Protein chains: 2
Amino acid sequence: MARELHHPDRDQIDLSAVLEALSEPIRREIVLRLLAQGEAPCQVFDAYAPKTNLSYHYARLREAGVTRTRIVGPYRMLSVRTDDLAARFPGLLEAVVAAARAEAAKSPAESRSA
Amino acid sequence: MARELHHPDRDQIDLSAVLEALSEPIRREIVLRLLAQGEAPCQVFDAYAPKTNLSYHYARLREAGVTRTRIVGPYRMLSVRTDDLAARFPGLLEAVVAAARAEAAKSPAESRSA
C-alpha cells in the first residue's frame with residue numbers, strides 16, 4: 001500500500017467532484033466534524049458507518065480535494081482543505097456548511113443514508 | 001401523462017438532492033442559462049445532450065427542487081426556484097453559480113460529461 005495517497009492539486013479541484021462528494025450526508029457530517037474539531041484520526045468516525053463504507057467516503061472526499069489524509073504511523077489523519085477550497089471556489093464550502101446546519105436544525109431526527 | 005408534475009414543497013427541498021442535482025455539468029449549465037435568461041422552454045437546451053438524457057436531467061433538477069417545470073400547451077417551461085432555494089439554503093445557489101463561473105473562466109475548453 002502506498003504511503004502517500006493521491007490528492008488533487010488546488011487548481012485541479014473539480015466543482016462536480018466537490019459537489020458530488022458533499023452530496024452524501026455521511027460525508028457532510030465528516031466534513032462538519034473536521035471543521036469543528038480540526039484534524040482528526042479516521043477512528044473518530046467509526047460510529048458513522050461500517051468501516052468499508054467509511055473507507056469509500058474518505059477516498060471520495062480526498063479525491064475530490066475536499067479533505068487531506070496524512071499518514072502518521074498507523075493513523076490516518078483527516079483534515080478539510082479549507083484554504084484550497086476557499087481559493088478555488090470562494091464561499092462554496094461555507095454555503096454548504098451553512099445549509100447543512102440549517103437542515104440539521106430543522107430536522108434533527110431525520111437522517112438519510114442515501 | 002400527468003399534466004401536473006411533482007415538485008417538492010420549499011420545506012421539503014433536500015440538501016443532498018440539491019447538491020447531487022448541481023454536481024452534474026450539463027445540469028449546472030441548464031441552471032446557469034435559466035438564471036441568465038429567465039424561464040425558457042426545454043427546447044433551448046436541445047443542443048446540450050441527447051433528448052433522453054435531457055429528460056432525465058430535467059427530472060433530476062425538478063425533483064431536487066432546483067427548477068420548476070410549467071406545462072404550457074406542448075411546451076415545458078423551465079425556471080430556477082431561486083426564491084425557494086434562497087429561503088431554504090441562503091447563499092448556496094449563488095456560491096455554486098459563482099464556482100461554476102470561476103471554473104468555466106479558468107478552463108473554457110474543458111468539459112466533463114460525468
Side-chain angles (χ1 to χ4, degrees), chain A residues 8-32 35 48-49 53 57 60-61 63-66 81-114, chain B residues 8-32 35 48-49 53 57 60-61 63-66 81-114:
Chain A
D9 291 339
R10 176 184 288 188
D11 287 350
Q12 297 305 314
I13 296 176
D14 177 82
L15 179 58
S16 294
V18 170
L19 293 176
E20 208 284 325
L22 294 173
S23 72
E24 210 288 323
I26 291 172
R27 293 198 288 264
R28 278 202 306 278
E29 281 184 47
I30 291 170
V31 167
L32 261 67
L35 286 172
Y48 285 34
N53 298 21
H57 290 319
R60 292 300 291 268
L61 287 167
E63 285 159 9
V66 175
R81 296 176 63 178
T82 44
D83 290 353
D84 290 329
L85 290 168
R88 180 89 168 114
F89 302 125
L92 181 64
L93 183 63
E94 289 83 346
V96 172
V97 166
R101 288 185 179 138
E103 191 170 72
K106 206 156 193 171
S107 54
E110 194 184 322
S111 95
R112 288 164 39 102
S113 53
Chain B
D9 291 340
R10 176 184 288 187
D11 287 350
Q12 297 305 315
I13 295 177
D14 177 82
L15 179 57
S16 294
V18 170
L19 293 175
E20 208 285 323
L22 294 173
S23 73
E24 209 289 323
I26 291 173
R27 293 199 287 267
R28 277 202 305 278
E29 281 184 47
I30 291 170
V31 167
L32 261 67
L35 287 172
Y48 286 32
N53 299 23
H57 290 319
R60 293 300 291 269
L61 286 167
E63 285 159 9
V66 174
R81 296 177 63 179
T82 44
D83 289 352
D84 290 329
L85 290 167
R88 181 89 168 114
F89 302 124
L92 181 64
L93 183 64
E94 290 83 346
V96 172
V97 166
R101 288 186 180 138
E103 191 170 71
K106 205 155 193 171
S107 54
E110 194 183 322
S111 93
R112 285 166 41 105
S113 52

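The model shown is predicted, which means the values in this text are computed figures rather than measured ones.
- With a threshold of 4.5 angstrom between heavy atoms, A:Ala21 does not approach chain B through any atom at all.
- For the pair A:Ser16 and B:Arg28, the tightest heavy-atom approach, listed with the atom from each and the gap, is OG-NH2, 2.9 Å.
- For chain A, no part of B:Leu93 is nearby; none of its heavy atoms comes within less than 4.5 Å.
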- Item | Intermediate values then yes/no, side-chain contact (heavy atoms from CB on, under 4.5 Å), B:Glu103 and A:Asp14 | CA-CA 8 Å; B:Glu103 191 170 71; A:Asp14 177 82; 3.8 Å; yes
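- Minimum interatomic distance between B:Leu92 and A:Ala95 (heavy atoms only, all atoms of both residues): CA-CB, 3.9 Å.
- Contact detail for A:Leu22 and B:Leu19: the closest heavy-atom pair is O-CD1, 3.2 Å.
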